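Structure, as structure tokens:
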Amino acid sequence: MKRWYAALIAATLAAALGGMLLSFTMESAPQARAELSHVLVLASLTGFVAAVALRPARGKAEAVGAARGAVKDEARAACDFSHVAANAHALQSLSELRDYLIDPSKYARYGARMPKGVLLYGPPGTGKTLLARALAGEAKVPFFALSGSDFVEKYVGVGAGRVRELFKKARKAGKCVIFIDEIDALGKRRDDNASDERDQTLNALLSEMSGFYTGDGVIVVAATNRIDALDPALLRPGRFDRQIEVALPGRAERLSILKLHSENKPLADDVSLEALAAQTVSFSGASLETLLNEAALIAAARNGAQIEKSDLQTAFYKTVAGADRPITATNREKRIIAVHEAGHALASRILAPENKLTRVSILPAGHGAAGYNLCVPEERVMLGKRHIEAQICVLLAGRAAEQAVFGEEELTAGASSDIARATELAASMILELGMDGEPAVSLKALSRACGGITGAQERCRAVLDGLYRKTLHLIEDEREALTALSDALVEAESMEGEAVTALLDGHLSSERPESA
Ligand code: ADP
Ligand code: ZN
């Protein structure tokens with residue numbers, strides 16, 4: 001398959017499936033418990049991970065104008081490319097800009113025009129700010145940083161004034177790097193929610209950018225995690241015409257980031273950064289840094305001589321799911337949560353054995369979680385129909401287990417986010433991925449071209465119904481394994497993945513249809 005074609009498919013799938021590469025499920029029982037005694041209100045850990053575990057450790061607050069709007073001149077940033085691991089592609093592109101900042105004539109001799117603006121786009125915490133700062137540090141020029149949200153004010157004209165002030169200061173400095181984080185805050189597509197203030201601010205930015213001559217040695221670097229939402233005017237030639245993707249690190253990249261951030265940390269011999277890199281699928285550079293720091297804090301709190309594997313493991317669970325809290329559920333609730341979690345684990349073991357179960361817990365964790373399954377997915381570029389269907393079944397298995405054990409009358413609200421997530425996946429299969437008997441049709445594209453889709457909801461229902469029945473059968477066939485695991489969970493409250501896998505494998509019936 002041609003590379004671009006593979007990349008296109010991968011990109012489409014990734015877009016269609018969002019965070020689905022993470023197969024975590026998590027139940028949460030927040031305030032709702034007060035009214036509904038044994039309700040598990042679910043938050044899929046997928047969403048939770050995106051919002052919390054992957055939240056960057058913001059090390060840049062000081063740069064973003066302590067006093068709102070005050071442009072802060074960062075004294076030559078004590079940071080260079082050696083502070084950035086991974087991101088080879090971005091570094092390559094930025095090193096050209098560094099050469100240009102150091103000697104603008106180098107490229108001028110060839111008649112090459114340097115971009116005035118560079119847009120770094122990608123998920124939070126992937127090192128966009130770090131890269132911009134490192135560019136300034138490498139070229140030994142001042143670094144001016146502001147966040148797009150600092151420009152957006154209630155009073156028309158205030159933001160525009162700030163933009164002009166920023167550029168005036170920067171020009172006075174001579175060569176420099178201007179960094180605008182969250183540019184989407186001021187550069188959103190203008191058609192939706194038009195705002196005079198934002199328009200004026202954006203216009204001010206565009207006209208300042210057209211106003212300087214590339215030979216001045218001023219480079220504007222902007223960052224966003226929503227390139228799709230940007231006003232196209234920003235992306236035109238002479239503006240942010242160089243766009244560099246800063247993606248989540250792959251396994252080898254995670255390893256190099258972990259190595260970089262553990263240089264100053266005393267790691268025990270039992271720590272394997274390779275294993276940690278394998279386990280941290282979909283972590284950003286910032287979450288990896290947070291993870292190591294968290295482990296260091298844990299080691300320091302227990303006055304350990306070194307940071308041990310167990311410290312990293314505790315830090316890992318804390319980063320992904322939040323810290324464990326003591327259980328407060330009644331015995332009956334505990335049993336329901338255990339059955340629900342055991343259902344997820346069982347389905348995952350049978351239908352997606354390539355994913356590695358790391359932990360199953362019925363302990364309350366961060367954000368009101370009442371229990372969770374943590375599963376490190378196999379790292380792959382593409383997802384097939386089989387993977388997506390398996391993922392749907394794994395999501396539905398919590399509810400199926402509840403139904404199999406306690407009966408339909410006793411279903412709880414605990415599966416709410418599991419079934420919402422499963423429904424979204426089924427809709428993607430049908431609407432976008434051509435995985436429902438019409439391999440050549442994207443119903444979504446069809447509807448864009450020719451209007452409404454008829455029958456899509458019914459087909460979604462049929463797919464979900466079919467997969468739910470399949471999951472329920474599987475659970476019923478494997479009742480012995482389910483009971484063994486849920487009993488063990490009630491007892492232990494939290495189990496490492498290896499113990500769960502061994503226990504399940506000891507009780508699964510031999511004639512499993514899909515065991516791999
Ligand atoms: P973004 O601007 O993309 O949200 P940041 O640049 O603020 O991300 O990253 C936050 C922190 O995460 C950095 O200060 C650094 O400690 C760490 N980090 C992120 N990506 C990398 C990387 N590629 N190499 C080394 N550290 C990184
Ligand atoms: Zn669940």
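Order of listing sets the numbers, starting from 1, for every ligand and every atom in it. Computed from a predicted structure; not experimentally measured.
- In terms of polar-atom proximity, I257 is not counted as a contact of ligand 1, lacking any N or O under 3.5 Å from an N or O of the ligand.
- Looking only at side-chain heavy atoms (C-beta outward), I178 and V221 stay at 4.5 Å or farther from each other.
- Below 3.5 Å of separation, one finds no N or O of L260 facing any N or O of ligand 1.
- A salt bridge links E493 with K334: the closest approach of a Lys/Arg side-chain nitrogen to an acidic carboxylate oxygen falls below 4.0 angstrom.
- In this structure, the separation between OG on S262 and CG on N293 is 12.5 Å, given to the nearest 0.5 Å.
- Taking the Zn ion (ligand 2) as reference, H340 places its N/O/S atom NE2 nearest.
- Taking the Zn ion (ligand 2) as reference, the nearest N/O/S atom within H344 carries the name NE2.
- Note on K140 versus D80: no salt bridge recorded, every NZ/NE/NH1/NH2 to OD/OE distance being 4.0 Å or above.
- Close approach of ligand 1 to P124 (heavy-atom distance below 4.0 Å) involves ligand atoms 4 (O).
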Contacts under 3.5 angstrom, residues 86-94 side chains, donor-acceptor by atom type, not counting sequence neighbours:
from: N87; atom 1: ND2; to: T126; atom 2: O; distance (Å): 3.4
from: S93; atom 1: OG; to: R242; atom 2: NH1; distance (Å): 3.1

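- Scored by the side chain to side chain contact (heavy atoms under 4.5 Å, CB included) test, E408 finds Q403, L411 as partners (sequence neighbours excluded).
- For ligand 1, one of its N or O atoms has an N or O atom of G125 under 3.5 Å away.
- Checking D418 against the Zn ion (ligand 2), an N/O/S atom falls under the 2.8 Å cut-off.
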